[in-house]
2 protein chains.
Amino acid sequence: MSLTTKEKILKEAATLFSELGYKATSVRKIASKVGIRESALYNHFKNKEEIFLTIADEIFVTPIQISQEEIEKEAKRGKAFLNRFVTQYKLLTFDKHSEKMFRLLLIELFANKALRERFINEFHQKNIKLLSQAFFIMMQNDLIRSNDPILIAYEFLSVLFYIRFEITLLRFDNKSTASLATQMEKHVDFFWESIKKQNC
Amino acid sequence: MSLTTKEKILKEAATLFSELGYKATSVRKIASKVGIRESALYNHFKNKEEIFLTIADEIFVTPIQISQEEIEKEAKRGKAFLNRFVTQYKLLTFDKHSEKMFRLLLIELFANKALRERFINEFHQKNIKLLSQAFFIMMQNDLIRSNDPILIAYEFLSVLFYIRFEITLLRFDNKSTASLATQMEKHVDFFWESIKKQNC
DNA sequence: GTCTATATCGCGATAGAC
DNA sequence: GTCTATCGCGATATAGAC
């Protein structure tokens with residue numbers, strides 16, 4: 001619990017940036033929350049931007065990773081793979097720090113081209129690639145009906161993102177997200193029924 | 001093409017707000033684009049916030065409306081209703097002004113509580129209500145399998161929103177959205193196959 | 001490493017001449 | 001209705017004492 005001044009700065013700045021955005025967060029406010037003067041802050045960081053960039057790097061640090069081998073193994077299990085994916089997506093959505101970083105990303109998305117590109121690559125493309133690989137394997141194993149794996153991946157991911165987006169909005173105003181917490185599981189059930197091989 | 005000064009202010013301010021956000025758009029920049037001094041601007045608006053609020057009102061002005069009667073009539077046509085809905089959603093997504101207003105909404109969403117509430121009500125709830133009514137009618141008419149209409153509405157809308165979100169991001173950097181333009185139609189096809197009554 | 005003091009800037013907004 | 005001039009403020013950032 002005993003943080004260095006530098007760590008305290010990053011902690012308070014992350015909170016402020018993720019609530020007010022880059023521009024509206026002043027060096028003054030950060031210093032005030034830390035309990036030091038603005039000038040003292042410049043002993044730890046070159047300028048405001050350096051503080052922001054240090055924090056922004058965390059946005060794309062995903063604690064959860066699935067290896068290529070795991071995809072191939074897990075995808076053969078069909079719906080169980082989707083459930084596992086959603087469980088991890090839910091953890092990210094409800095984890096306090098991940099929530100903060102996701103909000104920061106959304107707030108700064110149109111102000112920062114680098115963030116936009118990393119969003120497309122790491123939040124969209126990476127997930128689409130992973131999911132379409134899994135759906136392709138499910139088709140090979142005759143678990144789901146034949147279709148474009150990328151289209152299916154798109155359909156599956158979109159709903160999760162939308163729910164996360166809504167949850168992030170509601171939580172910012174301390175509103176209840178109870179109904180949305182189960183929405184992701186309902187999505188897996190509905191989706192699996194849509195794509196699975198029919199036996200009729 | 002001959003705009004009054006007040007109209008010019010609104011036009012230039014809308015562009016700036018939708019690119020930089022409220023805070024980063026200065027009265028100075030607006031006046032400069034219009035071709036007048038800042039002080040002259042105050043002859044038309046009380047202050048910066050009044051300009052913003054005038055523009056923000058447009059965000060929720062939807063040119064397209066479907067009446068209750070039309071829903072009941074159109075929903076009976078099943079997939080044709082979904083195609084019509086998506087056609088209108090696509091028009092909004094690719095219309096220059098609507099795109100600008102949507103971006104403004106996304107940029108200011110976490111800075112403005114009123115916008116968040118109107119987003120939930122008018123972009124989410126309103127569409128979910130309309131769609132779930134339509135799906136309910138489709139179930140009554142035995143066009144689609146029995147299920148929770150709200151769940152299905154959620155699944156249908158989420159994908160459209162996600163595609164619109166991505167298109168808005170890509171267009172901001174003048175990147176191609178060609179593949180996404182057809183993605184919405186593919187969504188209808190995929191979705192209809194998922195929910196329609198099977199005859200097997 | 002923190003402080004006080006200060007430089008410099010851009011911001012929103014107003015007063016008053018034309 | 002537009003201009004010049006100006007005010008007061010809060011912002012980022014630096015210099016130099018302790």
Side-chain angles (χ1 to χ4, degrees), chain A residues 1-59 103-104 107-115, chain B residues 1-59 103-104 107-115:
Chain A
M1 199 56 200
S2 67
L3 301 172
T4 64
T5 304
K6 188 160 184 170
E7 286 166 338
K8 274 188 210 157
I9 292 168
L10 288 173
K11 188 188 157 212
E12 299 298 341
T15 302
L16 286 166
F17 282 137
S18 74
E19 285 171 358
L20 309 170
Y22 179 80
K23 187 112 199 197
T25 298
S26 65
V27 175
R28 220 164 282 205
K29 281 178 193 156
I30 299 170
S32 161
K33 282 238 178 184
V34 174
I36 55 172
R37 298 282 166 179
E38 303 135 80
S39 53
L41 205 142
Y42 289 90
N43 286 315
H44 304 280
F45 293 94
K46 202 178 72 192
N47 53 27
K48 182 182 169 182
E49 201 189 353
E50 197 185 72
I51 302 174
F52 177 78
L53 290 178
T54 306
I55 292 162
D57 263 348
E58 279 184 61
I59 296 172
R103 202 171 55 225
L104 175 57
I107 291 175
E108 288 302 314
L109 205 50
F110 286 97
N112 192 317
K113 187 167 183 176
L115 284 185
Chain B
M1 200 55 201
S2 68
L3 301 171
T4 64
T5 304
K6 187 160 185 169
E7 287 166 336
K8 274 188 212 158
I9 292 167
L10 288 173
K11 188 189 156 212
E12 299 298 341
T15 302
L16 286 167
F17 282 138
S18 74
E19 285 171 357
L20 309 171
Y22 180 79
K23 186 111 200 201
T25 299
S26 66
V27 175
R28 224 161 278 207
K29 280 178 194 158
I30 299 170
S32 161
K33 282 238 178 185
V34 174
I36 55 170
R37 298 281 166 181
E38 303 134 80
S39 53
L41 204 142
Y42 288 91
N43 286 315
H44 305 279
F45 294 94
K46 204 179 71 192
N47 52 29
K48 180 182 170 183
E49 199 189 355
E50 198 184 71
I51 304 174
F52 178 78
L53 290 177
T54 306
I55 292 163
D57 262 347
E58 280 184 60
I59 296 173
R103 202 171 54 225
L104 176 56
I107 290 175
E108 287 301 313
L109 205 51
F110 286 97
N112 193 317
K113 189 168 181 173
L115 284 184

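Letters A, B, ... mirror the listed sequences (proteins, then strands); counts begin at 1.
Looking at B:Y42 and B:V27, their side chains come closer than 4.5 Å, going by heavy atoms from C-beta outward. Side-chain contact between A:I59 and A:L115 is present, with at least one heavy-atom pair separated by less than 4.5 Å.
Note: CD1 (A:I9) to P (D:dT12) measures 14 Å, nearest angstrom. Remark: P of C:dG1 and CD1 of A:I36 are 10 Å apart, rounded to the nearest angstrom. Across the protein-nucleic acid pair, A:R37 atom CZ and D:dA15 atom C1' stand 17 Å apart, rounded to whole Å. Atom pair A:L16:CG and D:dA11:P shows a separation of 12 Å (rounding to whole Å applied). The CG atom of A:L41 sits 11 Å away from the C1' atom of D:dT12 (whole-angstrom rounding).
Among A:L53, A:L10, A:I30, the single residue meeting the side-chain contact (heavy atoms from CB on, under 4.5 Å) criterion with A:F45 is A:L10.
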(request) Sugar-phosphate means primed atoms, P, OP1 and OP2; the rest is base. With that split, encode nucleotides 12-18 of chain C 5' to 3' as B, S or - using protein heavy atoms under 4.0 Å. (result) BBBB---
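Counting only residues at least two apart or in different chains, salt bridge (charged side-chain N to carboxylate O under 4.0 Å, His left out) contacts with residues 40-58 of chain B comprise B:D57-B:R118. Listed by first then second residue, pairs satisfying side-chain hydrogen bond (donor to acceptor under 3.5 Å, both in side chains) with a partner in residues 18-29 of chain B read B:S18-B:R103, B:R28-B:E38, not counting sequence neighbours.
What you find for B:K8 and B:V34 is that their closest heavy atoms are O-CG2, 3.9 Å.
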